[in-house]
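Working notes, structure below.
All values below were derived from every heavy atom in this structure, side-chain atoms included, with hydrogens, water molecules and symmetry-related copies excluded.
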Amino acid sequence: VPAFTFKCYVAGGKYRIDPYIGIGVGLYGLTEGSADNNTGGLGLGAQVELGGDYLLTDNFLVGTGATFRSVGIINNLSGNSNATAYVPLTLFGRIGYRF
């Protein structure tokens, strides 16, 4: 959900294992239904990401990590606000190529 993520690689590329930490924030709009029945809302999200890459060669890598997200959705801006919060944890793996 976050639209902007900042990652900091803590080892500086000196080793074959390249750990990192990341933080992100985002603001977004949601729509649902037809134009006559717009039941969308606004949302704000944040995330913290921890992970690491293992360099197989100078260009190829494999990596794994975890992302903890906090997402709040506001459905009504007038009167009593109707809000929902989600807090998912995502585990992931990847294969990559560095240019």
Could you work out, with side-chain hydrogen bond (donor to acceptor under 3.5 Å, both in side chains) as the rule, every residue matching [X], not counting sequence neighbours?
{"X": "Asp58", "result": "none"}
{"X": "Thr90", "result": "Arg69"}
{"X": "Tyr20", "result": "Glu49, Arg94"}

For Leu91, side chain to side chain contact (heavy atoms under 4.5 Å, CB included) partners two or more places apart: Ala66
Residues in side chain to side chain contact (heavy atoms under 4.5 Å, CB included) contact with Ile21, at least two apart in sequence or another chain: Cys8, Leu50
Roughly how far, to the nearest 0.5 Å, is CD of Gln47 from OG1 of Thr5? 4.0 Å
Output the distance between atom CG (Asp53) and atom CD1 (Ile17), rounded to the nearest 0.5 Å. 10.5 Å
Check whether more than 12 heavy atoms from other residues, nucleotides or ligands sit under 6.0 Å from atom CZ of Phe92, and answer yes or no. yes
Whether over 12 other heavy atoms sit under 6.0 Å from Leu89 CG: yes
Over all heavy atoms of both residues, which pair between Arg98 and Leu61 is shortest? Give the atoms and the distance, please. NE-CD2, 3.2 Å
Residue list, ring pair (Phe, Tyr, Trp, His ring centres under 6.0 Å) with Phe60, at least two apart or on another chain: Tyr97
